[in-house]
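Written out below as structure tokens is the structure these notes cover.
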Amino acid sequence: DVKVTQSSRYLVKRTGEKVFLECVQDMDHENMFWYRQDPGLGLRLIYFSYDVKMKEKGDIPEGYSVSREKKERFSLILESASTNQTSMYLCASSFGTGTGFYEQYFGPGTRLTVT
Amino acid sequence: KNEVEQSPQNLTAQEGEFITINCSYSVGISALHWLQQHPGGGIVSLFMLSSGKKKHGRLIATINIQEKHSSLHITASHPRDSAVYICAVSSLPRVEHNAGNMLTFGGGTRLMVKP
């Protein structure tokens with residue numbers, strides 16, 4: 001079975017802190033994604049990566065950066081956490097070469113609270 | 001107007017009822033996905049389809065490409081089906097790399113099945 005793991009299920013940070021959210025997948029997937037999920041707004045894409053060291057901005061990249069140094073690991077970084085970044089963060093991965101379309105596999109999510 | 005619209009937003013059913021959740025989209029797509037999210041956050045992919053109909057157990061998903069509409073049906077519903085059901089579409093791939101796996105999500109349908 002494909003497994004996508006996230007470093008924490010719950011995280012509480014203070015305003016201004018630098019926050020790292022880690023995601024690891026074990027299926028050699030090319031694509032990895034970071035989403036945030038908020039009530040009434042659904043899932044929104046923050047960043048995605050289609051290869052090591054490659055990244056693309058999603059719909060809401062402001063206030064976030066990402067790092068993909070190894071194929072299996074995709075990190076989301078909040079450079080200076082703010083209260084409006086309190087949310088559920090979900091990582092996902094998928095195969096993705098050529099012009100095919102593939103199922104995405106999601107991690108369990110990290111509920112981040114910024115106080 | 002959102003690119004992916006789901007209806008209804010909330011649905012309460014009695015155990016055993018036949019349930020239909022609808023999804024309409026306004027963009028060109030490679031595929032449509034139905035996802036299930038249980039309380040606690042984890043998201044599971046139920047179906048990925050680009051035409052016709054797929055069935056898995058008591059779940060059936062259909063898509064009409066011409067009408068840009070999909071339905072998820074649950075037969076003989078059970079309280080364990082209670083979850084949020086999310087429709088998402090894979091965009092048409094961009095030229096520079098395979099972004100066909102980027103998903104655009106509907107707002108979700110919260111289903112509660114009462115015993």
Side-chain angles (χ1 to χ4, degrees), chain A residues 1-6 8-11 27 29-61 87-112, chain B residues 1-7 9-10 21 23 25 27-51 54 56 61 63 65 83-110:
Chain A
D1 275 354
V2 175
K3 195 162 184 183
V4 180
T5 56
Q6 295 183 227
S8 306
R9 290 299 305 272
Y10 299 93
L11 206 52
M27 275 300 291
H29 285 168
E30 289 80 10
N31 293 337
M32 296 188 75
F33 308 82
W34 275 108
Y35 300 98
R36 65 178 281 177
Q37 185 178 34
D38 301 287
L41 297 175
L43 280 149
R44 293 178 292 167
L45 179 66
I46 305 171
Y47 268 99
F48 90 99
S49 169
Y50 53 93
D51 202 350
V52 174
K53 296 191 186 295
M54 307 304 288
K55 60 187 179 186
E56 282 271 334
K57 292 180 181 179
D59 300 319
I60 49 163
S87 186
M88 169 71 91
Y89 290 87
L90 288 146
C91 175
S93 72
S94 75
F95 287 112
T97 58
T99 57
F101 48 88
Y102 302 92
E103 182 180 0
Q104 287 193 17
Y105 296 85
F106 287 81
T110 296
R111 189 166 294 280
L112 172 67
Chain B
K1 187 180 187 298
N2 291 335
E3 293 179 340
V4 183
E5 298 270 3
Q6 283 185 241
S7 63
Q9 286 186 307
N10 294 284
I21 299 170
C23 177
Y25 54 92
V27 295
I29 68 168
S30 301
L32 185 138
H33 305 248
W34 282 103
L35 310 169
Q36 180 191 56
Q37 185 175 31
H38 279 285
I43 293 177
V44 175
S45 177
L46 297 174
F47 294 104
M48 183 176 67
L49 65 168
S50 57
S51 65
K54 286 192 176 181
H56 185 254
I63 188 168
I65 296 293
V84 175
Y85 292 84
I86 302 168
C87 171
V89 298
S90 292
S91 58
L92 291 172
R94 295 205 294 257
V95 173
E96 57 271 23
H97 57 75
N98 180 21
N101 290 282
M102 292 178 69
L103 296 181
T104 302
F105 296 87
T109 295
R110 187 174 298 277

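Owing to the predicted nature of the structure, the values given are computational and were not obtained by experimental measurement. Chain identifiers are assigned alphabetically (A, B, ...) following the order of the sequence lines, protein sequences preceding nucleic acid strands; residue numbering begins at 1 within each chain.
What you find for A/Q104 and B/S45 is that their closest heavy atoms are O-CB, 4.1 Å.
Atom CD1 of B/I43 and atom CE of A/M88 lie 8.5 Å apart (nearest 0.5 Å).
Of the two parts of A/L90, only the side chain, counted from C-beta on, holds a non-hydrogen atom closer than 4.5 Å to a non-hydrogen atom of chain B. If you measure heavy-atom distances from B/Q37 to chain A, the contacts under 4.5 Å come from the side chain alone. Looking at A/R111, there are no atoms closer than 4.5 Å to chain B (heavy atoms on both sides), in backbone or side chain.
Within the 4.5 Å cutoff, the side chain of B/L103 has no heavy atoms near those of the A/L43 side chain.
For CZ of A/R44, the number of neighbouring non-hydrogen atoms (other residues, nucleotides, ligands) closer than 6.0 Å is greater than 12.
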